[in-house]
Colleague: 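Please find one structure pasted underneath; my questions will follow.
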Amino acid sequence: MHPAYSVILFTTTSGAGYGLLALLGLTAATEAALPRIGGLIALLLALGLITFGLLASTFHLGRPERAWRAFSQWRSSWLSREGVLAVATYVPALALGLLWLSGREGDWLLALVGVTAAVLSILTVMATGMIYASLKTIRQWHHPLVVPAYLSFALAGGGTLLLIFASFGGVAGLVHWILASAGLVLTLLLVLLYWRSIDRQPRDLDPAAATGLSNLGPVRQWEAAHTADNYVQREMGYQVARRHTGRLRRLTLLGMTISLLLVIASALLPGLVAGLAALLAALLLFAASLVQRWLFFAQAEHIVNLYYGAQRA
Amino acid sequence: MTSLPDTSRPGQKKLGLVIDLDTCVGCQACAVACKEWNDQGWSAPLSDIDPYGAQPLGVWLNRVHGYEAGEGANARTVHFPRSCLHCEDAACVTVCPTGASFKRAEDGIVLVDPDTCIGCKLCSWACPYGAREYDPDQGVMRKCTLCVDRIYNDNLAPEDRVPACVKACPTSARHYGDLGDPNSDVSKLVEERQGYDLLPELGYKPVNKYLPPRRRPVGEHLAAMDSVGEEGNSLTERFFRWADKALSR
């Protein structure tokens, strides 16, 4: 699949934003809550990342001015559900900000609004994952680990971002370190399992199966349907070279591992340095998630390529 | 609405095509006729980007591939037209976030409304058959309409109220009709020739059917040449047997 940069940017930034919002919501009425100003800036950052991501996602549309129509088909379409949930999440997020401003720390209403924001954030990220996981045409996407991986990336992103604010705010504690490192460990694990699994998946479809001509024997393309590549080939035919895949995977793992080490280090370092370590961890994770998301597209093999000369899918 | 209509009731109209891979000669007339009609009709325009340049990109709703099937003496070319199959369980419809992509309850035709499509391309990702092509100039998705603007068009003579590709085919390799009616000509043809679905294992239940190439006695003919004159005792056969032996020495 052709990697759409706007979609990669959208899923990574908004994923981290929803992760941060979810964790801010869950911790709002607890001991692990950020100090008032820090919490407000964190909330603004979460909403900023989400909004930036949502805007980026409209850039890949042919008709961005009609984007509002995408809220209508939530009964059948995961893309529509994602849109509805994404917008709905703004309501508890903004309410959380207002309550936070009014200084109702430890209040039951704050807890309720926070949990609502967290639940909607999680559902939005799940809907994003389901857009891909529901496509039977791409075996690397129609995979049970796709949604968990999207969720864990959001958790890791949110966890490292929360740690930055907690560290600079001088309130970093066990909860923050555990959230960030658990997110990173889970993501590393899921990504490794996912790659292992898609590499071992059977590729049992071939051109004979696609054309239904298997009873005649093996089927090969001898003449393309057209002389220049068409939309289907440009959009669905993109595939990354295998040696690049290996290199990019190692780069992703390296970024996430260093990020994890920095999170652990920040637990041992004094305030300001710990904050810088957490900042670096978040940036490295973001870079790694960009590479991973690019690979997610570039490794995806669409069945339609069987009609265009691919031997297996 | 991108929820699919219930097509399970008996007698449900399922308009579609039956494509005969035995008689298709790969002349591309159907593809050209499709482009010609739909570039002016309901689907217009079907944009061409950089048509005379180094990397032309054109929107076509029907493509004719060429495949080679089988090996050795039995190998044969199969011309393979490919367009929207108007699936009963059309994933391209259900993934659409706007309702622009829809399946008509009255006849099962799958269409894209160019006035509400946002060009997110998700429907093209959901289609395993490559039936949908994005129009970068108009920013919307295009697909086969089964010439909905011909088949119900009272301004056309009754014999012209068929899809442009069907009308254009010089070998009658394309048949149009109601595949929901077991007594229609197309249903009978599918029954008689063991018409099949493309990738039935994916579960999209295509309405369009393909008729397999007929078996040809190509291999048998060659086998007969190999064993020339091994039986029979006429003068000619004995002469060939003698010649075969003399030449084989």
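Letters A, B, ... are given to chains in the order of the sequence lines, protein chains preceding strands, and every chain is numbered from 1. Just so you know, these numbers use all the heavy atoms, side chains as well, and skip hydrogens, waters and symmetry mates.
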Colleague: Could you check which of A:L135, A:L306, A:V84 has the highest count of heavy-atom pairs closer than 4.5 Å to chain B?
Modeller: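 Heavy-atom pair counts peak at A:L135.
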
Colleague: Tell me, for A:N305 versus chain B, whether the close heavy atoms (under 4.5 Å) come from the side chain, the backbone, both or neither.
Modeller: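 Interface part for A:N305: neither.
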
Colleague: Keeping to residues at least two apart or across chains, list the salt bridge (Lys or Arg N to Asp or Glu O under 4.0 Å) pairs with something in residues 40-58 of chain B.
Modeller: B:K35-B:D48

Colleague: Please classify the contact of B:V64 with chain A as side chain, backbone, both or neither, using a heavy-atom distance under 4.5 Å.
Modeller: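 Just the backbone, heavy atoms under 4.5 Å.
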
Colleague: From A:L61 CG over to B:L122 CG, what is the distance, rounded to the nearest 0.5 angstrom?
Modeller: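 A:L61 atom CG to B:L122 atom CG measures 11.0 Å (nearest 0.5 Å).
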
Colleague: What's the shortest heavy-atom distance between B:D115 and A:R66, and which atoms?
Modeller: O-CZ, 3.3 Å

Colleague: Between B:K121 and A:H60, is there a donor-acceptor pair closer than 3.5 Å when you use the side chain of the first and the backbone of the second?
Modeller: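 Yes, because the side chain of B:K121 sits within donor-acceptor range (under 3.5 Å) of the backbone of A:H60.
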
Colleague: Just give me the residue among B:V78, B:D197, B:V59 that pairs up with chain A most often, heavy atom to heavy atom, under 4.5 Å.
Modeller: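 Answer, by heavy-atom pair count under 4.5 Å with chain A: B:V78.
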
Colleague: Going by heavy atoms in the side chains, are A:T211 and B:L21 under 4.5 Å from each other?
Modeller: no

Colleague: Where on B:Y134 is there a heavy atom nearer than 4.5 Å to chain A: the side chain, the backbone, both, or neither?
Modeller: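 Both parts, backbone and side chain.
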
Colleague: Using a cut-off of under 4.5 Å for heavy-atom pairs, which of B:E133, B:E68, B:E201, B:R82 has the most such pairs with chain A?
Modeller: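 Most heavy-atom pairs under 4.5 Å with chain A: B:E68.
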
Colleague: Could you tell me whether the side chain of A:Y231 and the main chain of B:L57 form a donor-acceptor pair under 3.5 Å?
Modeller: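 No.
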
Colleague: Answer with side chain, backbone, both or neither: which region of B:A91 has an atom nearer than 4.5 Å to a non-hydrogen atom of chain A?
Modeller: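 For B:A91, there is no contact with chain A at all, as no heavy atom is under 4.5 Å.
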
Colleague: Is it the case that over 12 heavy atoms from other parts of the model lie below 6.0 angstrom from the CD atom of B:E106?
Modeller: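 Yes - once you tally the heavy atoms of other residues, nucleotides and ligands closer than 6.0 Å, there are more than 12.
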
Colleague: Among A:G83, A:G217, A:A67, A:S76, who wins on heavy-atom pairs under 4.5 Å with chain B?
Modeller: A:S76

Colleague: Given that the side chain runs from C-beta out, which part of A:R234 has a heavy atom under 4.5 Å from chain B: side chain, backbone, both or neither?
Modeller: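 Interface part for A:R234: side chain.
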
Colleague: Do A:P218 and B:E71 make a side-chain contact, defined as non-hydrogen atoms from C-beta onward lying under 4.5 Å apart?
Modeller: yes

Colleague: Taking every non-hydrogen pair under 4.5 Å, which of B:V95, B:T116, B:T77 racks up the most with chain A?
Modeller: B:T116

Colleague: If I compare all heavy atoms of A:V219 with all of B:A69, which pair ends up nearest, and what's the gap?
Modeller: CG2-CB, 4.0 Å

Colleague: Any donor and acceptor pair, going by atom type alone, linking the side chain of A:T137 with main-chain N or O of B:C127 inside 3.5 Å?
Modeller: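 Side chain of A:T137 to backbone of B:C127: no pair is present.
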
Colleague: For residues A:M1 and B:W125, determine if any side-chain heavy atom of one lies less than 4.5 Å from a side-chain heavy atom of the other.
Modeller: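 Contact flag for A:M1/B:W125 side chains = yes.
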
Colleague: Main chain of A:Y308, side chain of B:H65: is a donor-acceptor contact present, judged purely on distance under 3.5 Å?
Modeller: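 Absent.
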
Colleague: Identify which one of A:L79, A:V7, A:T58, A:I131 satisfies the side chain to side chain contact (heavy atoms under 4.5 Å, CB included) criterion when paired with B:C120.
Modeller: A:L79

Colleague: Identify which part of B:R132 has an atom lying under 4.5 Å from any heavy atom of chain A, answering side chain, backbone, both or neither.
Modeller: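 Interface part for B:R132: backbone (N, CA, C, O).
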
Colleague: Does any heavy atom of chain B fall under 4.5 Å from the side chain of A:E235, the backbone, both, or neither of them?
Modeller: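 Only the side chain of A:E235 comes within 4.5 Å of chain B.
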
Colleague: Please identify, among A:A210, A:A70, A:A209, A:G309, the residue contributing the most non-hydrogen atom pairs under 4.5 Å to chain B.
Modeller: A:A70

Colleague: Relative to chain B, which segment of A:F59 carries a heavy atom at a distance below 4.5 Å: side chain, backbone, both, or neither?
Modeller: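 Looking at A:F59, nothing touches chain B.
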
Colleague: Indicate the ring-plane relationship of A:W222 and B:H79, choosing parallel, tilted or perpendicular according to the 30° and 60° boundaries.
Modeller: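 Perpendicular.
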
Colleague: Side chain, backbone, both or neither: which part of B:C96 has a non-hydrogen atom closer than 4.5 Å to chain A?
Modeller: backbone

Colleague: Find the distance between CG (A:L213) and OH (B:Y67) and round it off to the nearest 0.5 Å.
Modeller: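 Answer for the CG-OH pair, A:L213 versus B:Y67, is 9.0 Å.
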
Colleague: When you look at CD of B:Q194, are more than 12 heavy atoms from neighbouring residues, nucleotides or ligands closer to it than 6.0 Å?
Modeller: no

Colleague: B:R76 versus A:L216: any side-chain heavy-atom pair under 4.5 Å?
Modeller: yes

Colleague: Using a cut-off of under 4.5 Å for heavy-atom pairs, which of A:F71, A:Y307, A:W74, A:W68 has the most such pairs with chain B?
Modeller: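 Winner by heavy-atom pair count: A:Y307.
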
Colleague: Rounded to the nearest 0.5 Å, how far apart are OG of B:S3 and CD of A:Q73?
Modeller: 7.0 Å

Colleague: Above 12 or not: heavy atoms from other molecules or residues under 6.0 Å from CD of A:E65?
Modeller: yes

Colleague: Identify which part of A:V232 has an atom lying under 4.5 Å from any heavy atom of chain B, answering side chain, backbone, both or neither.
Modeller: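 Just its side chain gets close to chain B.
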
Colleague: Under 4.5 Å heavy-atom distance to chain A, tell me which part of B:F80 shows up: side chain, backbone, both or neither.
Modeller: side chain

Colleague: B:P212 versus chain A, heavy atoms under 4.5 Å apart: side chain, backbone, both or neither?
Modeller: neither

Colleague: Hey, could you give me the CD/CZ distance between B:Q138 and A:R63, rounded to the nearest 0.5 Å?
Modeller: 6.0 Å

Colleague: By a 4.5 Å heavy-atom criterion (distance strictly below it), what part of A:W141 contacts chain B: side chain, backbone, both, or neither?
Modeller: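 Contact with chain B involves the side chain of A:W141 alone.
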
Colleague: Which residue out of A:A228, A:A225, A:S80, A:P207 racks up the most heavy-atom pairs below 4.5 Å with chain B?
Modeller: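 Most pairs with chain B among the choices: A:A225.
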
Colleague: Which one wins on heavy-atom pair count under 4.5 Å against chain B: A:E82, A:R81, A:K136?
Modeller: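 Heavy-atom pair counts peak at A:K136.
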
Colleague: B:G119, B:P97, B:G139: which one forms the most heavy-atom pairs within less than 4.5 Å of chain A?
Modeller: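 Result: the option with the highest number of such pairs is B:P97.
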
